[in-house]
**Student:** 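Starting off with a structure, shown below.
All chains are named by letter (A, B, ...) in the order of the sequence lines, taking the proteins before the strands, and each is independently numbered beginning at 1. Side-chain atoms are counted along with the backbone in the values below, which use heavy atoms only and exclude waters and symmetry mates.
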Amino acid sequence: MRFSIYRYNPESDAAPYMQDYDLDVKAHECHMVLDALIAIKNNMDDGLTYRRSCREGVCGSDGMNINGKNRLACTTHLSALKEPIVIRPLPGLPIVRDLVVDMSQFYKQYEKIKPYLQNTNPTPAKERLQSPEERSKLDGLYECILCACCSTSCPSFWWNPDKYVGPAGLLQAYRFIADSRDTESKERLSELTDPFSVFRCRGIMNCVDVCPKGLNPLKAINHIKELMLEEGV
Amino acid sequence: MAVATQTFDAIIIGGGGAGLRASYEMAQSGLNVAVISKVFPTRSHTVSAQGGINAALGNTDGRDDWRWHMYDTVKGSDFLGDQDAIEYMCREAPESVYELEHMGLPFSRLDDGKIYQRAFGGQTLDFGGELAHRTCCAEDRTGHAMLHTLYQKNIEAKTNFYNEWFAIDLVKTSTGIAGVVAMNIETGEVVYLKARATILATGGAGRIFQATTNAHINTGDGFGMVLRAGYPLQDMEFWQFHPTGIAGAGVLITEGSRGEGGYLINKDGERYMERYAPHMKDLASRDVVARSTILEIREGRGCGPKGEYVLLKLDHLGEEVINKRLPGIRDLSITFAGVDPLKDPIPVVPTCHYLMGGIPTNIDGQVLTIDKDGKDQVIEGLYAAGECACVSVHGANRLGANSLLDLIVFGRAAGKHFQQSVKQGLGFREATVEEIEKAMGRLNRWNNNEGGESVETIRAELQKIMQNDFGVFRTAEFMKQGFDKLEKLQERLQHASIKDKSSCFNTCRIEALELDNLMATAIATAYLANERTESRGAHARVDYPDRDDKNWLKHTLYFEDGRIGFRAINMKPKEVKPIELVARHY
Amino acid sequence: MKQARPINLNLFTIHFPIPSIVSILHRISGVLLFLLIPFMLWGLSLSLTSQQDFDALRQFFAHSYMKFIIWVSLAAFIFHFVAGIRHLLMDIHVGETLKGGRLTAMITFGVSFLLIILAGIWLW
Amino acid sequence: MVNSGLRDWLYQRVSAIFMAVYSLGLVVYVLAHPDLAYYEWHHLFTYMSMKVVTLLFVFLLLIHAWVGMWTVITDYIKPFVLRLMINIVILLALVGFFFQTILILWGI
């Protein structure tokens, strides 16, 4: 199987380039794209650089652009892809080396929305009660693995990575706004009313299209807008 | 060569559940702490934990008692666990879980708004009575929910993060540990991080086996560091094989799937656990289920064209239970086994999952060694918590959902103890230039070695040896062979080399440094597995099939120079009567 | 030795799903319509000034190349209009899911195409 | 220049709805008068209500266009001075259009 992989090492390369590898995926028992990357690194080119950890789609390390679409290497079946398999780093973020991108801008946007539960009421001795209905509002939100597939597929994030929170950050913003145990929803909403943080979303749904966990940031963003309207009007 | 130095009150090595719980405890109280993690913290292996966390809240059953939880844990440990530590863990469990809830962990809920609790292996009411529902969960993504919650709270508490930094070695002085030498993976820069205390929270080392549920990053980095510093590891022969890893892929299918009512069948469609464990059946403890499954496969009742696996049946639970309680494993099963559990059973096989042993610590998380007379001795400035530590609460076999509990309870305990110590004047230790450079020794070796074998060659061989000779069933003959092969491999490792010597995000170098740690872990395992001539918990010897309480009711210790030592098991809980030794039946 | 890091953002290597194509066309048609505002005002002014100007305008618009330009402008207007309605529907949670979004995007294309053809027929 | 995304977002929607209704009305009118004569067309705009509604249409169009263009410009034009100049030009043009519309409508 032929792979065309984006290569760039700042110490030796003036500019990025694409490198081709022909790998016998059967002989190396590769099922997923990550298996193939590992086989290439182990047997053909130990300098090939990528991130990986859990290899089962829950840690979010190996988000990359495979055949034009952002996905996790470890849950993308080779059999589902057209040859040659073109692997590039996540779009829009500065490249550290090969498929490793500098995620700091992405994390900064995540931190901006105060991604932690705030509750100013006295802490009870036992758990804070939450009905299954209230809890179910968090489904589809808390499962995010911060792989950045969504935000780096979003043109609004490409053009304004420093101002637009991006789908991943906004999904988490809504995760806390929607949590019946969080007392700071109003504050959270009012901190997002500027023209960039939320309103750069043009509803193009690239985020929904690529999310490896099947989550829907657009829906969360629309909920945020709706709640702002309720609060503001 | 002068190395740049940065100073903190405490350095936590590892950004998983234990590390983040410890750092949160300290950062919240205003201490200047730094977490160094070789991956961004939410990529740590805690994220993969599925089933849940045990605490005797009694939410589902209406009654529960931490003493029953303690009984189950001691029995599950095959009596190798320290009863004072297990007592502490089970007693602290409810409060620790409530704390997590207050931090925002999105637990699944009961209709009355309390935390939902599911059944799990080896959990009973009334000291071995009916099945208990003790496992709190967030669907089947509890570890993910926990890790993210803890990371989020650390952002709030302004913990310093050194993400994608790799700890090379501890800096050891004559009076204890003075910090750690670590490398920024992105730039290759090496820094001495100096601290009053260093907390190891480096997790497990499942990657010494070929087939493991563990992440690529679980390479026993803490074990290597401790051994190289001259301190011992404890109970390293006890590796848990999880009964239900997806055949071929190694991906975990939570015990919660059996807790919700799923069960294992062989090729005849027989629910074989009824034969091996008539009372608890599929919810017997993991060592029992794993061994029974291997026996079924060996006796020709495995499924599939080669009879290599058994099947986990879930379809009878119905769409609602699966989608509501087990949505994550449904995804995993579809992706990695090509099977939708709503319709078909999942092919599973026992897969290396967890190390019960590790770095010996006391209840406060302080790392222990033994002096010449075999007496416990606290190592100043060094703590350990989580899977890398051996407190020991899991003994010879860990119960499902006690692992997340271990992380939380002892991460917190280490944090609390450290705060106390700082109040009582715990200071910094001054390391000499030689001591700091010593910690860089192996980095220099990898930078200088040329023309040797590759990291992959040695790692693959190591994993093969461990898989074949130190698996679920062990015999002296195979282990001896394996041990000899390992010793030779260890020698070859000294000459191995990497081709890529660049400084920028050199994962090749990181894998090499990790290989040192894998090797150290494997050797420790091999030594102690050979040593223990009995079967207990996860350590099952064909040539010594019975538990031998007379000779082996003790912890084993291994030092890097090959010395072996022993520690007594604590049978003296503080508040309750000791749990008496009995034969284990489920 | 810190050189500026490259960024992978070659748009030709990135796959864009239908909803994003609707969106970019919405944007392009919007800018086009903005640029047409002066012409629209000019036309409005001329059409209301006098019979002669009105007739001159008609004459002018009767040229086939002018018809084509008008048709393109109408196309931009129609597409912007239909895609805008899709936007408004999305705000009230219609077509928010992946499937729904793809469907409304395809409907947007379909309806716009039809209307643009009809506009062409009307013009000629 | 614009500091509330929520307000812009709302203006964008409200103006869109009004404009949609107005243009539909106009389209229906034009279709209903296949051979539209000058006097009919001229007569239509002599009504005060039509003048007001048309002026409102243009006013909302300008707001709609301003929000839209501002968004486009801030996405693609990164140098501050250039962006500021383009925005000023657009704003002046839009204001100019508005006054021109008043002149046209009240010149009838």
**Student:** Can you name the closest pair of heavy atoms from A:Lys41 and B:Cys508 and give their distance?
**Tutor:**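 Scanning both residues, the minimum pair turns out to be NZ-N, 3.8 Å.
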
**Student:** Are side-chain heavy atoms of A:Ile145 and B:His144 found at a separation under 4.5 Å?
**Tutor:** yes

**Student:** Spell out, as yes or no, whether a donor-acceptor pair under 3.5 Å connects the side chain of B:His102 to the backbone of A:Lys126.
**Tutor:** yes

**Student:** Within this structure, what is the OH-CG distance for the pair B:Tyr151 and A:Leu146, rounded to the nearest 0.5 Å?
**Tutor:** 8.5 Å

**Student:** Measure across A:Val58 and B:Val47 and return the closest heavy-atom pair with its distance rounded to 0.1 Å.
**Tutor:**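 Minimum heavy-atom contact is O-CG2, 3.5 Å.
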
**Student:** Answer whether the closest heavy-atom distance between the side chains of A:His77 and B:Phe336 falls below 4.5 Å.
**Tutor:**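 Side-chain contact under 4.5 Å: no.
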
**Student:** Is it true that B:Glu101 and A:Arg181 have a side-chain N and a carboxylate O under 4.0 angstrom from each other?
**Tutor:** yes

**Student:** If every non-hydrogen atom of A:Glu56 is compared with every non-hydrogen atom of B:Ser48, which pair is closest and at what distance?
**Tutor:**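 Looks like OE2-OG, 3.1 Å.
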
**Student:** Say whether A:Arg97 and B:Ser502, considering side chains only, have a donor N or O and an acceptor N or O under 3.5 Å apart.
**Tutor:** yes

**Student:** Closest approach of B:Glu139 and A:Asp139, non-hydrogen atoms and distance?
**Tutor:**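 Scanning both residues, the minimum pair turns out to be OE2-OD1, 2.9 Å.
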
**Student:** With chain A as the partner, which of B:His216, B:Arg459, B:Arg43 has the greatest number of non-hydrogen pairs under 4.5 Å?
**Tutor:**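 Highest number of heavy-atom pairs under 4.5 Å: B:Arg43.
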
**Student:** Would you name the heavy atoms of A:Tyr116 and B:Ile155 that are closest together and state the gap between them?
**Tutor:**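 In terms of heavy atoms, the two residues are closest at CE2-CG2, 4.1 Å.
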
**Student:** If you tally heavy-atom pairs under 4.5 Å against chain A, which of B:Arg509, B:Glu95, B:His45, B:Glu164 wins?
**Tutor:**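 Looking at each option in turn, the highest pair count goes to B:Glu164.
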
**Student:** Hey, which of B:Ser503, B:Ser108, B:Ser454 has the most heavy atom pairs under 4.5 Å with chain A?
**Tutor:** B:Ser503

